[in-house]
Amino acid sequence: GFFFSFPIVAGYCEWINEFVKNNNLDKIWFLARDMDIFYKMYNKHYKKYDNDYVVTSRFSLQECLYEDFTDEILYHTLLSRCDRGYTIKQSFDELNLSFLIKECPKYGLNEKSFIFRSNLDTPHKVIYDNLYKVIEYFKDNETAAKMYFKEKLGGARKICLVDLGWRGSIFGYLKYLLVDKWKLCD
C-alpha cells in the first residue's frame with residue numbers, strides 16, 4: 001500500500017502547505033482518525049507550519065449541537081438506520097441517548113422496536129419532546145469539548161481543518177462551534 005499511497009499523501013501534504021501559506025493560516029488540525037498517516041507523514045517530511053492531531057468525531061460534536069442542529073442530527077443519524085434492522089435501543093445507545101429509552105413506551109415504542117421509515121417520526125418525537133433533557137445531559141461534554149479545542153488552538157485564530165469525511169459535516173460543525181458559538185477562531 002505504501003508504494004501506491006505515498007505519492008497521494010506527499011502531494012496532499014505539499015498542497016496543504018500551499019493552502020496554509022496562501023490563506024495566511026496559523027495552524028493545521030489533522031482530524032482523527034482518518035488523518036493519522038497524513039499527520040505523521042506531514043510532520044516527518046513536510047512540516048512548515050504549526051499543527052496538531054485533534055481527536056474528534058461527528059458523533060462527539062453532535063453532542064454539543066443538539067440545541068441548534070436537531071433536525072440535521074436526527075435526520076442523518078436515525079434515517080441511516082431505517083429499515084436496516086436497528087432497534088430503538090441500538091440507535092439511542094449509539095447517540096448516547098440511552099436515558100431516553102424509558103420515555104419510549106409513552107410513544108408506543110419499546111427498546112426492541114425497530115426503526116422503519118414508516119415509524120421514524122416517533123423516535124424523532126421522543127427526542128424533540130425531551131430536547132431540554134438532551135441539551136442538559138450533554139452540557140458537561142460541551143464544556144469539556146470547548147476546553148479541549150481551546151487548548152489545541154494554543155492561541156491560533158485561523159486554522160486549516162484536514163479530514164477525509166464523506167459528508168463533510170464535521171467541518172460545518174467545527175466552524176459553527178469554534179467561530180460562531182464559542183468565538184475561539186476567526
Side-chain angles (χ1 to χ4, degrees), residues 1-81 84 86 90-97 138-186:
F2 183 77
F3 179 74
F4 294 106
S5 62
F6 180 76
I8 294 168
V9 175
Y12 196 46
C13 288
E14 297 260 349
W15 180 84
I16 290 168
N17 279 332
E18 283 298 311
F19 183 83
V20 171
K21 177 184 170 188
N22 292 339
N23 290 281
N24 197 28
L25 302 176
D26 302 322
K27 192 169 193 173
I28 304 166
W29 277 7
F30 292 90
L31 304 180
R33 293 171 312 263
D34 294 342
M35 299 315 300
D36 180 62
I37 191 71
F38 289 85
Y39 172 73
K40 290 174 181 171
M41 289 293 293
Y42 180 84
N43 281 292
K44 187 170 184 175
H45 300 289
Y46 299 94
K47 183 178 179 179
K48 290 185 179 179
Y49 300 98
D50 187 22
N51 68 89
D52 213 334
Y53 185 72
V54 178
V55 179
T56 191
S57 70
R58 182 171 43 95
F59 279 118
S60 66
L61 293 175
Q62 286 174 342
E63 293 177 0
C64 304
L65 296 165
Y66 271 99
E67 189 170 9
D68 303 304
F69 288 84
T70 311
D71 289 334
E72 180 177 328
I73 293 167
L74 295 182
Y75 176 78
H76 289 292
T77 54
L78 292 179
L79 184 64
S80 66
R81 287 154 180 75
R84 295 182 56 208
Y86 281 87
Q90 290 170 316
S91 299
F92 280 21
D93 284 351
E94 284 182 3
L95 296 170
N96 289 330
L97 296 174
F138 290 127
K139 275 290 184 211
D140 290 342
N141 293 21
E142 182 178 344
T143 300
K146 183 178 179 181
M147 287 173 40
Y148 172 75
F149 291 131
K150 187 174 183 177
E151 178 184 316
K152 288 290 187 178
L153 285 167
R157 297 291 301 173
K158 294 174 69 178
I159 60 171
C160 173
L161 303 174
V162 183
D163 191 32
L164 293 175
W166 65 275
R167 274 192 34 235
S169 56
I170 199 164
F171 297 113
Y173 291 164
L174 280 169
K175 181 198 175 292
Y176 176 77
L177 289 170
L178 296 172
V179 176
D180 301 328
K181 189 170 185 177
W182 298 334
K183 312 285 189 231
L184 297 175
C185 288
D186 298 332

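Note that this is a predicted model, so its numbers are computed, not measured. Note: hydrogens, waters and symmetry copies are ignored here, and every other heavy atom, side chains too, is used.
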Enquirer: Between the side chain of Tyr148 and the main-chain N/O of Val55, is any donor-acceptor distance below 3.5 Å?
Expert: yes
Enquirer: Give, for atom CD of Glu151 and atom CE of Met147, the distance between the pair rounded to the nearest 0.5 Å.
Expert: 8.0 Å
Enquirer: Identify the heavy atoms of Ala156 and Asp26 that sit nearest to each other, and give their distance.
Expert: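 Closest heavy-atom pair between Ala156 and Asp26: CB-CB, 3.6 Å.
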Enquirer: Does a side-chain heavy-atom distance below 4.5 Å link Arg33 with Tyr53?
Expert: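 Sidechains of Tyr53 and Arg33: in contact.
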Enquirer: State, to 0.1 Å, how close Leu97 and Tyr66 come at their nearest heavy-atom pair, and which atoms those are.
Expert: CD1-OH, 3.6 Å
Enquirer: Measure across Asp34 and Phe38 and return the closest heavy-atom pair with its distance rounded to 0.1 Å.
Expert: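 Smallest interatomic distance, heavy atoms only, reads O-CD1, 4.1 Å.
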Enquirer: Might you point out which heavy atoms bring Phe171 and Val162 nearest each other, and give the distance in Å?
Expert: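 Shortest heavy-atom separation between Phe171 and Val162 comes out as CE2-N, 4.5 Å.
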Enquirer: Would you give the length of the straight line joining atom NZ of Lys47 to atom CD1 of Ile28, rounded to the nearest 0.5 angstrom?
Expert: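 It comes to 9.5 Å.
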Enquirer: Once you round to the nearest 0.5 Å, how far does OG of Ser60 lie from OH of Tyr173?
Expert: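 Here the interatomic distance stands at 11.0 Å.
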Enquirer: Provide the full list of side-chain hydrogen bond (donor to acceptor under 3.5 Å, both in side chains) pairs with a residue in residues 8-18, sequence neighbours left out, each pair given once.
Expert: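 Those involving residues 8-18 are Asn17-Tyr42.
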Enquirer: Run the numbers on Tyr176 and Leu61 for side-chain contact (heavy atoms from CB on, under 4.5 Å), then give the verdict.
Expert: CA-CA 10 Å; Tyr176 176 77; Leu61 293 175; over 6 Å; no
Enquirer: To the nearest 0.5 Å, what is the distance between CG (Leu65) and CD1 (Ile73)?
Expert: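 CD1 of Ile73 is found 5.5 Å from CG of Leu65.
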Enquirer: Assess the residue pair Asp163 and Trp29 against the criterion (side-chain contact (heavy atoms from CB on, under 4.5 Å)); give the C-alpha distance rounded to whole Å, side-chain angles, the decisive distance to 0.1 Å, and a yes or no.
Expert: CA-CA 9 Å; Asp163 191 32; Trp29 277 7; over 6 Å; no
Enquirer: Atom CG of Asn43 and atom CG of Asp52: how far apart are they, to the nearest 0.5 Å?
Expert: 9.0 Å
Enquirer: Donor-acceptor pairs under 3.5 angstrom involving side-chain atoms of residues 178-186: please list them, not counting sequence neighbours.
Expert:
unit_1, atom_1, unit_2, atom_2, d
Lys181, NZ, Cys64, O, 3.3
Lys181, NZ, Glu142, OE2, 3.2
Trp182, NE1, Glu142, OE2, 3.2
Lys183, NZ, Asp180, O, 2.6
Asp186, OD1, Arg157, NE, 3.3
Asp186, OD1, Arg157, NH2, 2.9

Enquirer: Tell me every residue that passes salt bridge (Lys or Arg N to Asp or Glu O under 4.0 Å) with Glu67, counting only those two or more places apart in sequence or in another chain.
Expert: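 None.
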Enquirer: Just verifying a value: how many Å separate Arg84 CZ and Leu79 CG, rounded to the nearest 0.5 Å?
Expert: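 CG of Leu79 is found 10.0 Å from CZ of Arg84.
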Enquirer: Output all residues satisfying side-chain contact (heavy atoms from CB on, under 4.5 Å) with Ala10, sequence neighbours left out; order by chain, then residue number.
Expert: Phe6, Tyr46
Enquirer: Mind checking whether Leu161 and Val54 have side chains closer than 4.5 Å, heavy atoms only?
Expert: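 Not in contact.
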Enquirer: Should Ile16 and Tyr49 count as side-chain neighbours, where that means a heavy-atom distance under 4.5 Å?
Expert: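 No; the side chains remain at least 4.5 Å from each other.
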Enquirer: Which atom names give the shortest non-hydrogen contact between Thr77 and Gln62, and what distance separates them?
Expert: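 Minimum heavy-atom contact is CG2-OE1, 3.6 Å.
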Enquirer: What pair of heavy atoms forms the shortest contact from Asn96 to Phe138, and how long is it?
Expert: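 Taking every non-hydrogen atom into account, O-CZ, 3.4 Å.
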Enquirer: For Tyr75, does the OH atom sit with more than 12 other heavy atoms under 6.0 Å from it, leaving out its own atoms?
Expert: no
Enquirer: Who pairs with Lys40 by side-chain hydrogen bond (donor to acceptor under 3.5 Å, both in side chains), at least two apart in sequence or on another chain?
Expert: Asp36
Enquirer: Please identify each residue that fulfils side-chain hydrogen bond (donor to acceptor under 3.5 Å, both in side chains) with Glu94, with sequence neighbours left out.
Expert: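 Glu94 satisfies side-chain hydrogen bond (donor to acceptor under 3.5 Å, both in side chains) with Arg81 only.
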Enquirer: Any side-chain heavy atom of Lys158 sitting closer than 4.5 Å to one from Asn23?
Expert: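 SC-SC contact between Lys158 and Asn23 ruled out.
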